[in-house]
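Structure first, commentary second.
Every number for a ligand or one of its atoms is a count from 1 in the order of the listing. Just so you know, these numbers use all the heavy atoms, side chains as well, and skip hydrogens, waters and symmetry mates.
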Amino acid sequence: MEVNISRIKKDLDTINSFNMTPGKGITRLTFSSEYMQAYNYIIDELKKIGAEITICRAGCIRGRINGSDPTKPAIMSGSHIDTVLNGGPFDGQVGTVSALEVARVIVENKVCHTCPIDIVVFPEEEGARFRFGMAASSAWAGSMELDKLYKAQDNEGITYQEAMESAGIVVEDESPLVLGDVKAMLEIHIEQSVILDRQGLSIGVVESIAGAKWCDLVITGKADHAGGTPMAYRKDALQGAVRIIGALEDIAANDIGPHTVGTCGYIKVEPGVGNVIPGRVDMVFDLRDSDAANLEKLVNKLTKVAEEICRKRGLDLEISERFSIPPVEIPKYLADLLFRCAEQRGMRPLRMMSGALHDSCKLAPVTDIGMIFVPSKDGRSHCPEEWTELQDIKAGADVLLDAILKLAI
Ligand SMILES: [Zn+2]
């Protein structure tokens with residue numbers, strides 16, 4: 001049994017024909033009319049194979065292929081169909097259409113299975129409209145308060161709930177997912193990095209998903225005249241900041257673990273005038289590791305080094321944590337199952353870590369999750385150049401098919 005590549009291509013082409021920015025990548029903001037055309041296409045395709053459709057909490061689609069035992073927990077698979085602004089044609093779509101195609105193959109072949117198989121679509125994964133990433137999956141799994149999501153506003157002041165209702169979505173089941181509802185959630189996603197592409201591999205089996213901490217750093221020195229203040233008498237906040245940024249790279253690259261990454265992506269200098277010594281610098285550090293202890297180690301070491309740099313320069317330093325997401329460990333039996341399924345198809349799967357978060361991660365507190373990565377050409381994603389070869393998508397979907405059958409039977 002295998003998936004049908006031409007149907008996957010047709011699904012992708014159809015969904016991506018619903019696009020707010022033709023010629024400038026793919027833009028499909030949650031609950032926009034383009035989004036709803038894609039949303040309704042998925043529902044129609046699921047209905048064609050006899051799936052029972054329920055619109056769940058936060059507007060999630062749940063299309064169920066019943067098994068022989070309705071009391072069993074479901075095997076779930078799916079992803080998202082919303083995109084970033086001017087994004088690519090594969091992020092989210094690959095996981096959605098692969099799950100749909102797997103369901104078609106199971107139904108067509110009249111495969112007997114005991115567990116229900118649920119095909120799901122989670123709105124607002126990217127946070128491009130309402131500014132909460134993985135919004136619906138968080139709300140469905142109960143880690144985000146529904147009220148908070150429903151009141152979240154887009155740039156025009158339209159709330160999530162208003163947008164959902166005016167798009168014609170009627171939620172039929174507001175209850176959150178709880179432990180025992182779902183036996184496993186499997187998601188295919190494009191890798192959004194270079195590892196598989198560089199090694200010429202089709203399949204990555206994710207073993208862990210990096211946790212992240214965002215830290216705000218405020219360095220305060222003294223704004224003085226750039227001409228009149230001798231070098232020895234300065235309290236230049238930016239000079240302290242650049243040394244801390246340098247230390248961030250050194251520590252993340254060399255001192256912690258193989259999967260440690262650290263980024264300073266935001267810096268604001270005050271007063272920000274060419275002839276005034278910077279008196280204050282605000283920075284945000286994004287720190288990630290798949291190992292919770294390493295993430296802690298990174299924060300501690302960086303804090304110590306930053307304090308030392310500021311102490312020597314007579315600068316004040318404040319560090320506060322903006323948010324923290326713990327790493328997710330994929331259960332070994334699921335990673336091993338996906339790995340075996342790929343090997344049995346003659347593929348060379350690669351065990352790997354995910355540096356990015358996906359909807360499945362948000363379901364981890366209520367079910368076991370497994371993730372399959374397929375290559376992104378040159379690692380590009382969230383841009384019009386985002387590309388994944390169809391045969392790689394087929395490889396991923398075949399592995400998903402085998403794994404779902406092993407879990408559902
Ligand atoms: Zn995605």
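Using a 4.0 Å cut-off between charged side-chain N and carboxylate O, Glu296 and Lys213 make a salt bridge. A salt bridge links Lys268 and Glu270; the closest N-O separation between the charged side-chain nitrogens and carboxylate oxygens is under 4.0 Å.
In summary, His189 places an N/O/S atom under 2.8 Å from the Zn ion (ligand 1), meeting the contact criterion. Residue contact annotation: Asp359 places no N/O/S atom under 2.8 Å from the Zn ion (ligand 1).
The minimum distance between the Zn ion (ligand 1) and any N, O or S atom of Asp91 involves atom OD1.
In the model, Gln153 has no side-chain atom that pairs as donor or acceptor with a side-chain atom of Thr159 under 3.5 Å.
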Inset, instruction - Using the side chain to side chain contact (heavy atoms under 4.5 Å, CB included) rule, take Leu217 and Asp282 through it: C-alpha gap first, then chi angles, then the decisive distance, then the call. - result: CA-CA 6 Å; Leu217 286 84; Asp282 289 69; over 6 Å; no
